[in-house]
Amino acid sequence: MKGAFIDNLPKVYGLYTGGFLIFVLLMAVLEQMGVGADTIGILFVAFTILIYAGIGWLSRTMQVDAYYVAGRQVPAVFNGMATAADWMSGASFVAMAGGIYFGGHGYLAFVVGWTGGYVLVASLMAPYLRKFGCYTVPDFIGTRYGGNLARFLAVVILVVASFTYVTAQINATGTIASRALQIPFEVGVWFGLLGILLCSMLGGMRAVTWTQVAQYIVLIIAYLVPVFWMSNKQGFGVIPQLVYGDAVMRIGELEAMYNMADLPKITEGVKGGLRALSVPHAAAGESAMSSWKFVTLVLCMMAGTASLPHILMRYFTTPSVRAARNSVAWSLFFIFLLYFTAPALATFTKLQVLDPNLATGIIGKAISEVEALDWIQKWANVGFLQIIDANGDGMLQLNEFFMRGDIVVLATPEIAGLPYVISGLVAAGGMAAAMSTADGLLLAIANALSHDLYYKIIDPKAETRTRLLVARILLIAIGAAGAFVASLKLTSILGAVAWAFDFACSGLFFPIVLGIWWKRANQAGAVAGMLLGFAAGSLYLYWVAPAFLGNEPWLGIDHLRFGIIGMPVSLIAMVVVTLMTAEPDAETQAMVDEIRVPVGETVIDSSH
Amino acid sequence: MANDSRREEHWARTKRLMIITLSIWFIFSFVVHWFANSLNAFTFMGFPLGFYMAAQGSEVIFVILIVWFAWSQHNIDKDTGFAEEE
């Protein structure tokens, strides 16, 4: 039965994709028949969550291997899709295009960092960890270096990094659920959590894998369709990603025409989270400092990508080492499809708002005329957008129009005048993106606590049944904790997401890389590297973050880049302490030799 | 043991491939973007080049780089006899 399912994957997911497209068409027909926009939104979100829950139920398991690593039989292409969904969060889906809209070239550091990190995953990490045969990342640290302390530190860093990230995802599912289903945010958060747990609780990694593939298909359709449609409807070009160069140039002209650099910044009366455009779209800073800020952010995001356990553990599920390598290539390809579309979307949306020659342009028009537009009214009502006539001339200037970045994705269909069915599709896509990432993160945390803390450290004699029961209880408890923190609305989505990468690279990057590439690396070194790197990064974050002490950043290293402090401390501590202590025993060195070649059995035997 | 010399050759070639891969990665992750402002003076496919490299160019190269890396590493594994049986 299971074998038949694996063999028929292309057919199963082909049918699923066809079914989803038919559902979209059906919704379009309902819209034409006069069914309200709210009903269509509810149907979209409810229907897709029901499908994911169904997959979760069908993938239920009581086997350790299936629960932790999906039985190690996920083909490279499908693991690539699952990783892409695991990777692309609510922030990538909803906030990235908005970030580029406001941040221009400087924000593209995230796009470069979040793609280039996979080069590190492919060349330094994934194939070797697959050969090792571990269930979790701390499992590798604990077995390679030996001793409960190393394992325990890895668990702590994993939990801090992933928990920072997961609250933002549960927050995003809550936001989308509350808007689509018209329920209060606090209820939406718990509803989102319920959906997330339905996908992961019964089948662990196996269930998460097959729901993530389904979620990738929904999210990529939901992201690409509106952009292609908008581009063609507005006459920008057939393939928007290839033709927005002229639009980039035109925005440069308009920025000069509106005199953007010299417009006064208006802050009085502006609602929280809203901004006006003030940063040039394509122009990069001239100073060495702006280049430095770009490359440091790129480095933190890349090293973080290569250290985040919820991504690394996806490559434990492939049938072979070679498949793990190929799977990284597929992952990046599937991620690339969305990431090279986001800048195009941001550019075209900006052009549509700015250009007075386009019918959609609003800057330079009479404010009374702009306020009469449907999409302006709708998003102003929910506090996503605001117009302040600061100079009282009745005309809308560039510095008088405020909005939230999220609008770029959420309101594209309306700005370009597409049917409502597209907005429903976008809501379903955002939900899929946030749910799939939350699932991966929750599972990474719960697995590390159940496998490494409970089974390996506390009770090594535990029965399979008990282990899997503990894993599931932890999953619920951590999910509930995440939903509780999210319901307090403490952080903006993106600040927290960047922090997760910095935490992960400060503490885990060098202990993992050197564990594979430096045979001499030993337990004392790894412990020092994790402890000091993570502590230095965290203390610097506390010192610099506006939410904490808020000191002036040193050399431009602000709270988004604190991995730049943590990583060198981790590297130096690890190398120095390793060289001061004895080299690892012959058995450990032989183990490192063994993970460096693909052929043969995994280093840890499969029933551990 | 013949196995040991094969192992050494495999690891030497693997290390060399890693260094080449990461050198290309370094150029398109950091060097190119450090000079974004100067590159913007050039136009590519209608884009200012510095912007293009950050929005699309580096990403395209990363995808190609990983595909090439996976292919090359498999060849090394096959040549030295360490590839898995299919």
**Item:** Side-chain donor/acceptor of B:His33 to backbone N/O of B:Phe28, under 3.5 Å
**Value:** yes
**Prompt:** Measuring heavy-atom distances to chain B, does A:Val597 have an atom under 4.5 Å in its side chain, in its backbone, in both, or in neither?
**Reply:** both
**Item:** Region of B:Ala36 in contact with chain A, defined by heavy-atom distances below 4.5 Å
**Value:** both
**B:Val31, part contacting chain A, at a heavy-atom distance under 4.5 Å** = neither
**Prompt:** For chain B, which of A:Pro343, A:Ser123, A:Ser290 has the most heavy-atom pairs under 4.5 Å?
**Reply:** A:Ser123
**Asked** Where does B:Phe69 contact chain A at under 4.5 Å (heavy atoms): side chain, backbone, both or neither?
**Response** side chain
**Prompt:** Taking atom types as modelled, is there a side-chain donor on A:Tyr244 or A:Ser231 under 3.5 Å from an acceptor on the other?
**Reply:** no
**Structural part of B:Trp34 lying under 4.5 Å from a heavy atom of chain A** = both
**Asked** Picking from A:Asp593, A:Val328, A:Leu299, which has the most non-hydrogen pairs under 4.5 angstrom with chain B?
**Response** A:Leu299
**Flag, side chain of B:Thr43 to backbone of B:Gly46, donor-acceptor distance under 3.5 Å** = no
**Request:** State plainly whether the residues A:Glu253 and A:Arg250 are in salt-bridge range, i.e. N to O under 4.0 Å.
**Result:** yes
**Prompt:** Is B:Arg13 paired with B:Asp77 through a side-chain N to carboxylate O contact shorter than 4.0 Å?
**Reply:** no
**Prompt:** Between A:Trp330 and chain B, which part of the residue has a heavy atom less than 4.5 Å away: side chain, backbone, both or neither?
**Reply:** neither
**Request:** Could you tell me whether the side chains of B:Thr80 and B:Arg6 share a donor-acceptor contact shorter than 3.5 Å?
**Result:** no
**Complete:** Checked A:Ala284, A:Ala283, A:Gly600 vs chain B; the most non-hydrogen pairs under 4.5 Å come from A:Ala284
**Message:** I'd like to know if the side chain of A:Lys350 reaches the main chain of A:Leu277, judged simply by a donor and an acceptor atom lying under 3.5 Å from each other, with no hydrogens or angles considered.
**Reply:** no
**Request:** Among B:Val63, B:Ile64, B:Thr21, single out the residue with the greatest number of heavy-atom pairs under 4.5 Å to chain A.
**Result:** B:Val63
**Asked** What part of A:Ala288 gets closer than 4.5 Å to chain B, counting heavy atoms only: side chain, backbone, both or neither?
**Response** both
**Message:** We want to know whether A:Thr318 and A:Asn79 form a side-chain donor-acceptor pair, criterion being a heavy-atom distance below 3.5 angstrom.
**Reply:** no
